[in-house]
2 protein chains.
Amino acid sequence: MLAIGEFSRLTHLSVRTLRRYHDAGLLEPATVDPASGYRYYSADQIPTAQVIHRLRELDVPLPDVARIVRSPDPGDRAELVAGHLRRLEDQLAATREAVASLRRLLHPDPPPLQVRLRAVPATPVAAVAGVVDLDGVLAWYAGAMAELDAVVAEPEGPPGGLYDNALFETGRGHVLVYRRTAGPTAGGRVHPVTLPAVELAVTTHAGPHDDIDVTYGELGAWVVANGLAVAGPVRESYPVGPRDTDDPAAWRTEIGWPVFPMAAR
Amino acid sequence: MLAIGEFSRLTHLSVRTLRRYHDAGLLEPATVDPASGYRYYSADQIPTAQVIHRLRELDVPLPDVARIVRSPDPGDRAELVAGHLRRLEDQLAATREAVASLRRLLHPDPPPLQVRLRAVPATPVAAVAGVVDLDGVLAWYAGAMAELDAVVAEPEGPPGGLYDNALFETGRGHVLVYRRTAGPTAGGRVHPVTLPAVELAVTTHAGPHDDIDVTYGELGAWVVANGLAVAGPVRESYPVGPRDTDDPAAWRTEIGWPVFPMAAR
DNA sequence: CTGGACCCTCTCCCCGGGGGAGGGTGCAGA
DNA sequence: TCTGCACCCTCCCCCGGGGAGAGGGTCCAG
């Protein structure tokens, strides 16, 4: 039986951290003296402590660590770990993209932004709508678009979507993806919808979506400079997207932001 | 002039976050109405907001972001950014190593640990000592060892170090690195020191230092199983180290932990 | 039996936000 | 000019994974 200080020395985990792991139900001492509250660990808990240490170095949240070290089946455990490694991969990809986008921001090579005003009439479309978290929007988009493809036999023009401002402001909001078509417009989650008529400020973003907010910002600056104000929901359409090519640099995203004269807000 | 909500829509930064950035002195509104406290932004602050956004995606702390966006000289700014990118690289390397170490832990292929007890007599050495942070210990070690090499003409045996337990427990502690020699033992930070006689439990760790705590743990378990207790400072020596080869898998680190009979603590 | 190392619980602090309460402002339509 | 409502303000509490320290109990060797 090892007192907490001794166990700390053997595992390179601080005494404080060991106590926290006990409170979190993550690493229970082998025995606890009921009179004094002293924690006593056994030497064969050392490997467990080391696994915990590694998982924490990978920023796995404590509750997930608890699930991993407590799961009895090594298969389940491996699966949980693999899931977290995938999460790390995604994070790494996001980091790389942020670095690239930062470089583009700091060393700009700005092609002048083409903004046009376009009066869009009310448009009937086949649509899938829902309330979505910002993190899950990509997955939701893929699923919704697959359903649209299954239902809409003869699409016209590129697919598109409407995104509520709340999605960017609070991380959750209404999203609607649509296809224009002369054919059927209902089935499963797909329903016919008529997009309202609006005046749009339209521009096209080229490349991956990691720095699409830059284009949003430039579009917004143009709108403001022209005495207009924006109001959601924003419309995007995807003349060239992940459905068309695997090369994000080739993507083209048309952004249409409903505008009003400043005074008419 | 844009109200905060409008600016939020143009930058995809939440209203809350914009207010926080104002409070942190990171992104000052162009004007603030002294009567109402309303913040008003100008459209040409959008690029700055986007740079901040990217830096935050890279987990650059707010004070550092403030330094970057406020530094007038683009060269300085690039240097600050580059520094953070280096930090990200290091972090990435650490993550990779933790993943590798975790795999080794979960799929162990354990060569049986060779532990020997060795009575070490008092030993005169040339040494550099200091109080070091755990993060900086590698850099400190490199500097100290370079000074030792400059002073000690004829070293005997591998270099070594003594590490206070506090280094692992509180992240800061006494460290002493030494070389045995029959030659000079003083110069610069180098001073003659006599390491006290101790009884050591000794084993050798093979490979990079990322999972050296596993060997520490196994050594500790062996010590406990043999009715002994450990006490610092730990001694390490480096028969094969970064000085000898660039391949961390070839490194050999001898760990000697002072031991006492359990009862004699 | 005593001193000192060790251990206990408790509270407060850090970061970068999110959530909500409670109240003041700006502006368009009536 | 009034009213309603969207917008804005400040202030406080919450999260996770610890670090720091206060104040007090416990263990054990000399």
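Atoms considered below: every heavy atom in the structure, side chains included; atoms not considered: hydrogens, waters and symmetry mates. Naming convention: chains lettered A, B, ... in sequence-line order (proteins, then strands); numbering from 1 in each chain.
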| remark: Quick note, B:Ser36 side chain, CB onward, closest among C:dC6, C:dG17, C:dT25 is C:dT25
| Closest listed nucleotide, where the reference is the side chain of B:Arg16 and the choices are D:dC7, C:dG19, C:dG26 | C:dG19
| request: Considering only NZ, NE, NH1 and NH2 on the basic side and carboxylate oxygens on the acidic side, decide whether A:Asp59 and A:Arg87 come within less than 4.0 Å. | output: no
| field | Nearest-nucleotide 5' precedence on DNA chain C, B:Pro61 against B:Ala35 | value | B:Pro61
| message | Nearest heavy atom decides the nucleotide; on that basis, is A:Arg20 or A:Asp33 closer to the 5' end of DNA chain D? | response | A:Arg20
| message | For the backbone of A:Ala3 and the side chain of A:Glu6, can you confirm whether one donor and one acceptor N or O come within less than 3.5 Å of each other? | response | no
| said: Strictly below 4.0 Å: does A:Ser14 bring a side-chain N or O up to OP1 or OP2 of D:dG19? | reply: yes
| query | Do the ring planes of B:His205 and B:His209 sit parallel (below 30°), tilted (30 to 60°) or perpendicular (above 60°)? | reply | perpendicular
| note | A:His22 atom NE2 is separated from C:dC7 atom C1', nearest whole Å, by 14 Å
| Roughly, in whole Å, what's the span from CG in A:Asp64 to P in D:dC15? | 17 Å
| message | Of the listed nucleotides (C:dG18, C:dC8, D:dG18), which one gets closest to any side-chain atom of A:Tyr38? | response | C:dC8
| query | Which nucleotide in the set C:dC8, C:dG16, D:dG17 lies at the smallest distance from any side-chain heavy atom of A:Ile4? | reply | C:dC8
| Phosphate oxygens OP1/OP2 of D:dT10: is one of them under 4.0 Å from a side-chain N or O of B:Arg39? | yes
| query | Rounding to a whole Å, what distance do you find between A:Glu57:CD and D:dG18:C1'? | reply | 15 Å
| task | Could you tell me whether the side chain of B:Arg103 reaches within less than 4.5 Å of the side chain of A:Leu85, counting heavy atoms only? | result | yes
| Check: A:Leu18 and A:Val15 side chains under 4.5 Å, non-hydrogen atoms | no
| Atom-pair distance (CG on B:Asn165; C1' on C:dC6), nearest Å | 14 Å
| For B:Arg19, which contact category applies under a 4.0 Å heavy-atom criterion: base, sugar-phosphate, or nothing? | base
| message | On the nucleotide C:dG17, are OP1 or OP2 found under 4.0 Å from the side-chain N or O atoms that B:Tyr21 carries? | response | yes
| request: Classify the nucleic acid contact of B:Ala3 as base, sugar-phosphate or nothing, counting any heavy atom under 4.0 Å across all strands shown. | output: sugar-phosphate
| said: Is the ring pair B:His12/A:Tyr216 parallel, tilted or perpendicular, if the boundaries are 30 and 60 degrees? | reply: tilted
| request: Rounded to the nearest angstrom, tell me the gap between atom CG in A:Asp23 and atom C1' in C:dC8. | output: 11 Å
| query | To the nearest Å, how far apart are B:Asp59 CG and D:dG16 C1'? | reply | 14 Å
| task | Rounded to the nearest angstrom, tell me the gap between atom CG in A:Leu13 and atom C1' in D:dG18. | result | 12 Å
| For atom CZ of B:Phe7 and atom C1' of D:dC7, their distance in whole Å | 17 Å
| message | Side chain of A:Arg56 only, heavy atoms from C-beta on: which candidate in D:dG18, D:dC9, C:dG18 is closest? | response | D:dG18
| query | Is any side-chain nitrogen or oxygen of A:Thr17 closer than 4.0 Å to OP1 or OP2 of D:dG17? | reply | no
